[in-house]
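The first residue of the sequence shown is numbered 1, and numbering continues consecutively from there.
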Amino acid sequence: MSLARHVDPDEIIHDLHDLHMNEAGRKHIHTNGGTSHITPYSTRYASKQEISKFKIPHNGAPADAVHQMLKDELDLDGRPNLNLASFVGTYMETHAEQLMFENISKNMSDADEYPAMMQMHARCVSIMAHLWNVQKGEKAIGSATTGSSEAIHLGGLAMKRRWQEKRMAEGKDTSKPNIIMGANAQVALEKFARYFEVEARILPVSEKSNFRLDPELVKENIDENTIGVFVILGSTYTGHYEPVEEISNILDEYQEKTGNDIPIHVDAASGGFVAPFTHAKAGFKWDFSLPRVKSINTSGHKFGLVYAGVGWIIWRDEALLPKHLVFELHYLGGTEESYTLNFSRPGAQIIAQYYNLIHLGFTGYQQIMENCMSNARLLSKSLEATGWYTCVSDIHRPVGEHSFLGTAAKVFSKEDETSADYNPGLPVVAFRFSDEFKKEFPHLRQATISNLLRAKQYIIPNYPLPPNEDKIEILRVVVRESMSFDLLDRLITDICQTTQDLIDNDKSDLSILGKSKDTSAEKQHSSSGVHPGGESQGRGGKRPMSEGVHRTVC
């Protein structure tokens, strides 16, 4: 790292550090260059010596000093409630937090030791299976996971194994499995294909398909080697629900013609806890009411309203989970069956999930989700009313209307409106500069809005849409439960003020905003996260975006 050709900051710090410690040694002979331990800041680790970063220290440091130093460093993180980029929940009620803390040491792998926790786990599986319309006579089976990524991998593995078993029984080749997904898929879906040796047929999305999986392209890309189709109930880019029922009908027709039975796995990481509770629902059948939907995953730590660390995978019937994937474990005095990728994993989140389901009930979840949808609509309409922005998401537009209605559109249509009056989707607001704004101010970069809002502590990403539509960049806000009306009012005001400030400033004054980057040693040895050449957020990297789905914000 260098500031200028004649300045080496590392050398300066090293020299000054040695000088400082030599002076301290002369003044504090009895403490060998340290200081007395009166407060955390009076220890040598706080005042004269940094906490070890890359190698374990020979001698430890006082607990209060370490706690204070780490606390101070973590103050540099963003504020979770203002992290509007993430779907992951940042708020839980005090009673739920207390339950989690009381059970934080419980391990989900120790089923025999924690039978009460495992009963709550089984109840959560049952509740979600019924929420997703498991059919009479079916015995749903499922498990908590560390998140939707693990759950997606398990759903994909079950589809691959069922396909292999059927092909082997028929004496057919099993070496070329493929799976279908849209280019808007979250990275976990492509990870499944790459990690478990399945060809990922990533189909381009378009404005015509609402930037989601196109059913017509599904029809053109399925064949006898297709192990299944990943269909997303809630795209992380724009919040659109993918047309599960329409794709199911296409696969029904294909089976009638060819005899090939291709299943659907629904990635309902976010929508699994939104669609069942909103008045809008999904606008079509998407769950176990469709026979072709064999498995569904969701994230308890997203709109399930639990802190990070819990996802769920559920198969509509135990016959759909191949025995090859089930391990019988004899562990710590008990016998259990396991079909997860991870072994040890936190149990407190499962308890918190059950708490939410019982405490909130259907009407509680419904009220929260309707509030989120209402706030997302208000933000969307307010942004479009400025004339500066156009929304790519469309949950604020009347059912069936998917194009910009103009700045004259009413913010509220009627006093008692619900999500059912609008297009279904996630409470996500994806927006961009309007065409008129870009014509009038062609020198203004959309990413600058994100950077300036970050200075106000809001975390709002700016990134391209999926390949084929990546010329369009969007800013995106996820409206979670913790987005109060007061915070929403402040956010709208700050976005408008920030945009006005950009308009009022000269082009040369703004050029420096796109040049900052993290030069820390930690960043150099972890994910790079660089934006070469001052390019927009979400661009750059070692692989072109067309090579796969590897940049979705979750």
For atom NE2 of H130, is the number of surrounding heavy atoms from other residues, nucleotides or ligands below 6.0 Å larger than 12? no
Does E401 have more than 12 heavy atoms from other residues, nucleotides or ligands lying within 6.0 Å of its CD? yes
Distance-only polar pair, side chains of S419 and E370, donor-acceptor under 3.5 Å: yes
Just so I know, are the side chains of L475 and P461 near enough to count as touching, which here means a heavy-atom distance under 4.5 Å? no
Compare all side-chain heavy atoms of R432 with those of E473 and state whether any distance is below 4.5 angstrom. no
So, do N210 and T238 sit near enough that their side-chain heavy atoms are less than 4.5 Å apart? no
Of all heavy-atom pairs linking W286 and I296, the shortest is CZ3-CD1, 4.0 Å
Charged N to carboxylate O under 4.0 angstrom, D223 versus R201? yes
Report the C-alpha distance between I313 and W315 in whole Å, list the side-chain angles of each, state the deciding distance to 0.1 Å, and finish with yes or no for side-chain contact (heavy atoms from CB on, under 4.5 Å). CA-CA 7 Å; I313 171 69; W315 290 270; 3.6 Å; yes
H153 and F196: CA distance, side-chain angles, deciding distance, ring pair (Phe, Tyr, Trp, His ring centres under 6.0 Å) verdict: CA-CA 9 Å; H153 289 194; F196 296 101; 5.7 Å; yes
What is the minimum heavy-atom distance between A275 and L233, and which atoms define it? CB-CD2, 3.9 Å
Side-chain donor-acceptor pair under 3.5 Å between D421 and H279, yes or no? no
Are D261 and R292 ion-paired here, with the side-chain N under 4.0 Å from a carboxylate O? yes
Would you call R454 and N451 a side-chain contact if the rule is heavy atoms closer than 4.5 Å? no
Can a donor-acceptor pair be found between the side chains of R397 and Y422 at a distance below 3.5 Å? no
Checking F431, Y463, F87 against Y237 for ring-ring contact (aromatic ring centres under 6.0 Å, His included), the one that qualifies is Y463
Atom NZ of K281 with >12 non-hydrogen neighbours under 6.0 angstrom: yes
Straight-line distance of I247 CD1 to I262 CD1, nearest 0.5 Å: 11.5 Å
Any side-chain heavy-atom pair from S235 and F211 closer than 4.5 angstrom? no
When you compare the side chain of V428 with that of R476, does any pair of heavy atoms fall below 4.5 Å? yes
Taking atom types as modelled and ignoring hydrogens, do the side chains of D494 and Y458 form a donor-acceptor contact shorter than 3.5 angstrom? yes
Is it true that F277 and Y365 have ring centroids separated by less than 6.0 Å? yes
Quiz question: by atom type and distance under 3.5 Å, do the side chains of E150 and N342 form a donor-acceptor pair? yes
In the structure I gave you, are the side-chain heavy atoms of F433 and I449 within less than 4.5 Å of one another anywhere? yes
Going by an N to O cut-off under 4.0 Å, is there a salt bridge joining E384 and K381? no
Tell me, do I264 and L251 make a side-chain contact under 4.5 Å, heavy atoms counted? yes
Shortest non-hydrogen separation from F284 to P243 and the atoms involved: CZ-CA, 3.9 Å
Apply salt bridge (Lys or Arg N to Asp or Glu O under 4.0 Å) to the pair K471 and E469, showing each step before the final yes or no. CA-CA 5 Å; K471 62 184 180 295; E469 292 291 339; 3.5 Å; yes
Tell me every residue that passes salt bridge (charged side-chain N to carboxylate O under 4.0 Å, His left out) with R316, counting only those two or more places apart in sequence or in another chain. E138
Are E245 and N249 linked by a side-chain donor-acceptor pair shorter than 3.5 Å? no
Y339 to I141 - nearest heavy-atom pair and separation: OH-CG1, 3.2 Å
Does the side chain of H240 pick up a donor-acceptor pair with the side chain of D394 at under 3.5 Å? yes
Is it the case that the side chains of N178 and N225 hold a donor-acceptor pair, with the cut-off being a distance below 3.5 Å and no angle test? no
Taking R490 first and then D486, would you say they form a salt bridge - that is, a charged N and a carboxylate O separated by under 4.0 Å? no
Identify the heavy atoms of N468 and V205 that sit nearest to each other, and give their distance. ND2-O, 3.1 Å
Under 3.5 Å, is there a donor-acceptor pair between the Q353 and W312 side chains? yes
R377 and E417 ion-paired at < 4.0 Å: yes
Can you list the steps and then say if D287 with V293 is a side-chain contact (heavy atoms from CB on, under 4.5 Å)? CA-CA 6 Å; D287 54 19; V293 174; 5.8 Å; no
Mind running side-chain contact (heavy atoms from CB on, under 4.5 Å) on V218 and L213 for me, showing each step along the way? CA-CA 8 Å; V218 172; L213 184 61; 3.8 Å; yes
Stepwise side-chain hydrogen bond (donor to acceptor under 3.5 Å, both in side chains) test for E93 and N356: CA-CA 9 Å; E93 294 180 72; N356 278 347; over 6 Å; no
Of the non-hydrogen atoms in V198 and I179, which two are nearest, and what is the gap between them? CG1-N, 3.7 Å
Answer with yes or no after comparing the ring centroid distance for H301 and Y307 against a 6.0 Å cut-off, counting only values under it. no
